[in-house]
Amino acid sequence: MATILRGNPYANLILEQCKTDIARLVTSGIQPGLAFVLVGDDLASKIYVGRKQKAAHLLGIRSYLCQLPEATDTDSIIEHIDRLNDDPAIHGVLAQQPLPPSIDTLAALEQIAPAKDVDGLHPCNLGSLATRRDAGLFACTARGCVFLLRQANITIAGKTATVIGRSLIVGRPLSLMLTDAGATVTVCHTQTRDLAAACRNADILVVAAGCPKLVTADMVKPGAVVIDVGINRGQNDKLCGDVDFAQVKSVASHITPVPGGIGPLTVAMLMRNTLQATKNQCADE
Ligand code: NAD
């Protein structure tokens, strides 16, 4: 039976360290500020932003909510982002996704100043990651996955890793991070011909597709480490991941639950990125 890798204890390690560092900054007159741009009335997005605001509040990060109507267009969101970029009290800016179809998402994300891009989605930050520069803000969920593996003493170097999903926010940065950590990485997506074979080849399998029960027990190599990033609404509106947890836990060596797996680490890494962004901006002044 697999070891269940719960995210909260690991997330708390990050949050405690952030809290100490933030208290020191506040004493020296600097209060980190994190702004959320939330467009429309999507309930899940509101819940996610609420959770992130709560975490920020507990650490002493001042959070700002820029709530815009569903009908917001690209020019208008860019104007708001420019204002947040210019505000010295704000060190981090996050545009909660998904943005409505009336907005060019990539244009909006590229408008966020790279120094304030706490989601790590600006081409400058993704470029820093791709070119293995340490100075950059990198995607929170991907960082959370690697942190969890390291903290759980799971060796990455020399392992085969399969990542399902190639999004800018999870799959792509994670595949780069795992490659840098020494894994041989296969990235799967909707056009992958034999997903099951790619999964069965993996010592470390990370699933970030957004499809409930996409990964079943017969697709998992016995003893593999399975990280389930997916968050879906299942039966009775209950949250579930992309992995058939009940079955896969008897094949894997380690597995993350949903909820309570990678989610808390994503929030913690967002706080760490905000702290890092604040320190960088204050050092530049
Ligand atoms: P996305 O829709 O942008 O990307 C999904 C990726 O999965 C795509 O590259 C797609 O090609 C691939 N994919 C989808 N269905 C597939 C299938 N049947 N076979 C193979 N590949 C398939 O989504 P995203 O933003 O990357 O998020 C993925 C999931 O992770 C979602 O459920 C999201 O809610 C969740 N998520 C969780 C956290 C967290 O903190 N736990 C953070 C971000 C995203």
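Counting starts at 1 for both ligands and their atoms, following the listed order. Below, each value reflects all heavy atoms present in this structure, side chains not excepted, and no hydrogens, waters or symmetry copies.
- Under 4.0 Å from ligand 1, the heavy atoms of I164 that appear belong solely to its side chain.
- Here C211 has side-chain heavy atoms under 4.0 Å from ligand 1, and that is the only part of it that gets that close.
- Under 4.0 angstrom from ligand 1, the non-hydrogen atoms of V229 come from both its backbone and its side chain.
- Only the side chain of L214 comes within contact range of ligand 1, with a heavy atom under 4.0 Å; no backbone atom does.
- Looking only at protein heavy atoms, the nearest one to atom 42 (C) of ligand 1 is T141 OG1, 3.2 Å.
- For atom 5 (C) of ligand 1, the closest non-hydrogen atom of the protein is A209 O, 3.6 Å.
- The closest side-chain heavy-atom distance from P257 to F245 is below 4.5 Å.
- Every atom of ligand 1 is numbered from 1 in the order shown, and the set under 4.0 Å from a heavy atom of G165 is 6 (C), 7 (O), 9 (O), 12 (C).
- Looking at atom 44 (C) of ligand 1, its nearest protein heavy atom turns out to be V170 CG2, 3.9 Å.
- Atoms OG1 and CG, on T256 and L265 in that order, are 9.5 Å from each other to the nearest 0.5 Å.
- Checking only distances, T266 does come within under 3.5 Å of ligand 1, N or O to N or O.
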Exercise. Apply side-chain contact (heavy atoms from CB on, under 4.5 Å) to V225 and S253, showing your working.
Key: CA-CA 6 Å; V225 176; S253 65; 3.8 Å; yes
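- With hydrogens and angles ignored, the 3.5 Å screen pairs no side-chain donor or acceptor of Q276 with any backbone N or O of M271.
- Contact annotation for I169 and ligand 1: only side-chain heavy atoms (C-beta onward) come within less than 4.0 Å of the ligand.
- Between V229 and V206, some side-chain heavy-atom pair lies under the 4.5 Å cut-off.
- Contacts between I231 and ligand 1 below 4.0 angstrom, taking non-hydrogen atoms only, involve backbone and side chain alike.
- When only non-hydrogen protein atoms are considered, atom 16 (C) of ligand 1 lies nearest to T190 CG2, 3.7 Å.
- Atom 29 (C) of ligand 1 has as its closest protein heavy atom G210 N, 3.7 Å.
- Those atoms of ligand 1 with a heavy atom of S167 less than 4.0 angstrom away are 3 (O), 4 (O), 9 (O), 24 (P), 26 (O).
- The main-chain N or O of I4 is never found under 3.5 Å from a side-chain atom of K249 such that the two would form a donor-acceptor pair.
- If you number the atoms of ligand 1 from 1 as listed, the ones under 4.0 Å from a heavy atom of G263 come out as 40 (O), 41 (N).
- In this structure, the side chains of C199 and I164 come closer than 4.5 Å at one or more pairs of heavy atoms.
- Of the possible polar contacts, one joining the H91 side chain to the G33 backbone as a donor-acceptor pair under 3.5 Å is found.
- With P212 as the partner, the side-chain contact (heavy atoms from CB on, under 4.5 Å) test is satisfied by one option alone out of D244, N232, I231, L239: N232.
- Under a 3.5 Å cut-off, the side chain of D242 and the backbone N or O of L214 do not form any donor-acceptor pair.
- Counting only non-hydrogen atoms, the option in A208, P259, C188 that gets closest to atom 28 (C) of ligand 1 is A208.
- Atom 21 (N) of ligand 1 has its closest protein heavy atom at H189 C, 3.1 Å.
- Annotation: atom 9 (O) of ligand 1 to nearest protein heavy atom, R166 N, 2.9 Å.
- Within a 4.0 Å radius of atom 32 (O) of ligand 1, the protein contributes one or more non-hydrogen atoms.
- The shortest side-chain heavy-atom distance between L174 and V146 falls under the 4.5 Å cut-off.
- A donor-acceptor pair under 3.5 Å is formed between the side chain of K116 and the backbone N or O of N85.
- In this structure, atom 19 (N) of ligand 1 lies nearest to the protein heavy atom L195 CD2, 3.9 Å.
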